[in-house]
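Notes to accompany the following structure.
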Amino acid sequence: MSIKLGDSPYHKRVQEGIDNDFMRGAVSSAQGRFRSGKAKAEEDLGDWEAWRNLGEEIRTHTIEHLDYYLHQLSEQVSKRGGHVYFATDADDANQYVQDVVQKQDSKKVVKSKSMVTEEIGLNEALEQSGCDVVETDLGEWILQVDEDPPSHIVTPALHKNKEQIRETLHTRKGYDETDDPQEMAQFAREQLRKEFLSADIGITGCNFAVAESGAVTLVTNEGNARLVTSLPKTQITVMGMERLVPTWEELDVMVSLLTRAAVGQKMTSYVTSVIGSKLADEIDGPEEFHLVIVDNGRSNILGTEFQSALHCIRCAACINACPVYRHVGGHSYNSIYPGPIGAVLTPLLDGYEDHKDLPYASSLCAACTEACPVKIPLHEHLIRHREIIVEREKQTPASERLLMKGFGKWSASPKLYNFTTSMAKKVLKPWSDNGKLSHGPGPLKAWTRQRDFPVPSSQSFRNWYKHRDKAERRNI
Amino acid sequence: MHVSLFITCVCDTFYPNVGKDTVEVLEDLGCEVDFPEQQTCCGQPAYNSGYVSDAKQGMKHMMDAFAQSNYVVGPSGSCVAMLREYAHIFKDDPEWKCKATELAEKTYELSEFIVDVLGVEDVAAVFPGTATYHSSCHMTRLLGIKEAPFTLLQHVKGLTMAPLPDAEDCCGFGGTFAVKNAAISEQMVQEKCAHVHETSADYLIGADMGCLMNIDGQLSRSDSPVEVLHIASVLNQRTT
């Protein structure tokens with residue numbers, strides 16, 4: 001996989017999402033649970049706005065001094081015997097990991113959940129070099145077994161129900177029991193335990209690296225990341241270059257925000273911090289540790305008006321708050337990063353050409369901005385993307401460009417404005433029916449597919465005002 | 001107090017009664033209302049679609065149109081939010097920066113103006129019936145006006161308010177979004193209307209005719225008996 005999921009056109013994907021009743025039911029109820037959980041967790045924490053401000057401050061500071069903290073992190077990891085590699089792009093990162101795997105003649109890799117490895121297509125790269133890669137996060141494992149991409153950055157298999165999962169396990173893994181979630185989870189545990197015990201290398205993502213200590217922190221509910229970091233002899237952690245905090249103190253704040261914003265939990269079942277390879281007097285931990293820090297387009301965002309997109313901590317609060325996501329689901333975005341943050345990040349990392357529809361997949365309701373625990377102005381970024389698509393990339397239809405040019409002139413000329421306002425009723429008369437338009441021309445065609453449109457009033461407000469009898473005024 | 005009405009192009013063209021009600025409510029509260037005739041549209045359809053240069057032409061015109069006003073009051077949270085945003089849009093333009101900031105600072109949404117500036121919570125309106133209220137996104141999230149309309153409505157005699165489930169969710173209007181992404185917009189407005197019907201209210205009240213035009217379009221298409229009203233029209237009801 002890479003950032004882009006496939007080649008199917010935007011409107012087709014959206015319609016497929018809308019037509020997928022099951023997925024929409026699942027997404028809608030999950031959003032409801034996440035949102036009420038988040039609201040409760042915010043309330044319990046106290047002054048949520050103060051916490052958000054602190055989160056924003058920490059992220060802003062860290063990204064503004066990214067070079068300093070990356071250097072510090074790298075020094076600390078090296079000091080503890082770890083290997084650090086700065087990868088400029090996906091191929092570079094994949095090649096490094098492939099080299100480590102080949103050098104050790106490894107045949108099996110177990111992985112904990114990681115969006116950045118999805119972004120760079122690491123699994124495919126390793127499989128191509130003959131390595132068996134096993135996802136150990138339950139949702140990711142189900143998707144891997146089913147060869148289906150994630151549709152959500154925190155709960156990747158959100159779009160599947162238990163019947164579908166049972167069917168997948170039955171066909172692909174010979175599972176014969178019921179669709180009871182506990183029974184299926186038990187089956188997954190048995191399958192995965194074998195994999196853990198026979199893997200040579202464990203690959204993890206990274207929620208936050210702590211620069212002052214070189215620790216990599218993983219936030220999970222299943223404990224699988226703990227096994228990935230303790231059983232195999234070699235651990236490789238792949239992190240996006242922005243995923244770090246200066247000290248343990250900031251980690252405390254960021255994890256507090258992350259678990260609450262993501263799933264409404266005060267704390268996840270596991271928060272694992274691991275530092276480098278194991279020392280002589282330590283019992284467990286990897287003998288060899290590699291930290292791969294991935295740029296893949298991120299440094300191009302630094303110093304631009306989109307810099308705050310790098311503040312994202314991948315909690316998916318914006319996705320859970322988004323009404324568009326609710327109706328179309330994650331796959332409609334055709335990006336490994338769906339929802340509002342996906343619509344902001346995807347064109348930045350993978351260009352406008354393939355993703356020019358994403359910034360428009362929003363009503364600009366700003367529910368995303370309001371939900372974000374680190375106050376990324378997501379809806380403003382979407383508007384800025386649109387401006388770039390229109391004014392720099394020139395990728396909008398000619399008819400729309402003409403219409404907007406006309407709009408500019410119209411809105412700057414009261415004469416033109418008055419003329420069209422007074423003519424509107426007459427122009428739309430052929431389509432008027434019983435005081436409304438039930439099928440309209442031009443852009444109104446799309447509006448009136450399932451909605452009526454009002455007929456312009458026979459007298460505009462300004463006309464009424466102009467001829468208003470002064471005596472009519474109540475107080476004058 | 002001298003107030004200039006910012007009518008919004010939607011109300012000017014489609015809903016002049018909302019403008020009349022706004023004028024009358026403000027006059028009843030002792031305001032002297034004028035209507036700067038040079039005003040047109042706030043530019044939001046173009047700005048939010050990415051046509052910033054095109055939008056700026058009208059925006060500059062609007063700054064001039066309201067240059068003499070003390071207060072600018074509009075019956076739309078979204079259009080008022082656009083006028084406030086001018087300060088940000090023109091922040092690097094030495095010629096227009098001051099005018100943009102000036103306009104942003106003196107512009108208010110109607111319910112906000114009545115409660116926060118005039119300090120009035122009860123406008124002596126009488127309106128018997130059960131209603132629910134649509135909190136429009138730009139009004140609540142961009143302007144941060146969450147209480148003012150409810151404060152005013154709770155003082156309306158005879159009016160019972162029924163809470164709208166998932167009230168914070170967008171109705172799917174989003175300006176050009178409703179046309180460019182009609183398929184998604186339709187799903188959003190259908191969901192909103194389903195919530196309106198869950199309340200069993202007779203009226204849906206709102207403070208943004210863009211959103212209300214969208215919701216009303218869906219209610220009308222499905223022959224719903226629910227009547228859509230702008231808050232100004234409710235506040236201007238005096239007798240039964």
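What you are looking at is a predicted structure, and each value in this text was computed from that prediction instead of being measured. Lettering of chains follows the sequences in order, A, B, ..., and the numbering in each one begins at 1.
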Fill in: A:Tyr333 ring center within less than 6.0 Å of A:His355 ring center
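A:His355 vs A:Tyr333: aromatic centres not under 6.0 Å.
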Item to complete: Kindly state whether the ring of B:Phe14 and the ring of A:Phe453 have centres lying under 6.0 angstrom apart.
Response: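 Between B:Phe14 and A:Phe453, the centre distance is under 6.0 Å.
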Less than 4.5 Å to any heavy atom of chain B: does that hold for the side chain of [X], its backbone, both, or neither?
X: A:His11; value: side chain
X: A:Val324; value: both
X: A:Lys436; value: side chain
X: A:Glu370; value: side chain
X: A:Glu400; value: both
X: A:Leu364; value: both
X: A:Lys409; value: both
X: A:Tyr360; value: both
X: A:Arg326; value: side chain

Heavy-atom pairs under 4.5 Å with chain B, option from [options] with the top count:
options: A:Leu403, A:Thr420, A:Thr421, A:Thr369; answer: A:Thr421
options: A:Gly32, A:Cys365, A:Gly17, A:Ala446; answer: A:Cys365
options: A:Ser332, A:Ser422, A:Ala412; answer: A:Ala412
options: A:Pro359, A:Ser458, A:Gly408, A:Ala366; answer: A:Gly408
options: A:Ala367, A:Pro323, A:Ala321; answer: A:Ala367
options: A:Gln459, A:Arg401, A:His385; answer: A:Arg401

Between [X] and [Y], does any side-chain N to carboxylate O distance fall below 4.0 Å?
X: A:Glu387; Y: A:Arg384; result: yes
X: B:Glu27; Y: A:Arg468; result: yes
X: B:Arg221; Y: B:Glu186; result: no

May I ask you to check whether [X] and [Y] show a side-chain donor-acceptor distance below 3.5 Å?
X: A:His331; Y: A:Glu16; result: no
X: A:His381; Y: A:Ser308; result: yes
X: B:Tyr15; Y: B:Asp21; result: no
X: B:Ser76; Y: B:Thr8; result: no
X: B:Ser4; Y: B:Asp34; result: yes
X: B:Tyr51; Y: A:Thr396; result: yes
X: A:Ser362; Y: A:His379; result: no
X: A:Asn463; Y: A:Lys466; result: no

[Y] backbone acceptor or donor facing [X] side chain under 3.5 Å:
X: A:Ser363; Y: B:Phe173; result: no
X: B:Arg141; Y: B:Glu168; result: yes
X: A:Ser151; Y: A:Gly330; result: no
X: B:Thr140; Y: B:Ser136; result: yes

Worksheet item: With under 30° as parallel and over 60° as perpendicular, where do the rings of A:Phe461 and B:Phe35 fit, or are they tilted in between?
Response: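 The arrangement is perpendicular - the two ring planes meet at more than 60°.
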Name the option with the most non-hydrogen atom pairs under 4.5 Å to chain A; the candidates are [options].
options: B:Gln39, B:Gln190, B:Met188; answer: B:Met188
options: B:Val179, B:Asp12, B:Leu5; answer: B:Asp12
options: B:Gly175, B:Gly174, B:Gly217; answer: B:Gly217
options: B:Ser185, B:Pro16, B:Cys137; answer: B:Pro16
options: B:Gln218, B:Glu85, B:Glu191; answer: B:Glu191

Does any heavy atom of chain A fall under 4.5 Å from the side chain of [X], the backbone, both, or neither of them?
X: B:Leu142; value: side chain
X: B:Ile7; value: side chain
X: B:Val18; value: neither
X: B:Cys171; value: neither

Worksheet entry | Residue-level contacts of residues 55-68 of chain B with chain A, using a heavy-atom cutoff under 4.5 Å |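 Near chain A, by residue number: B:Gln57, B:Gly58, B:His61.
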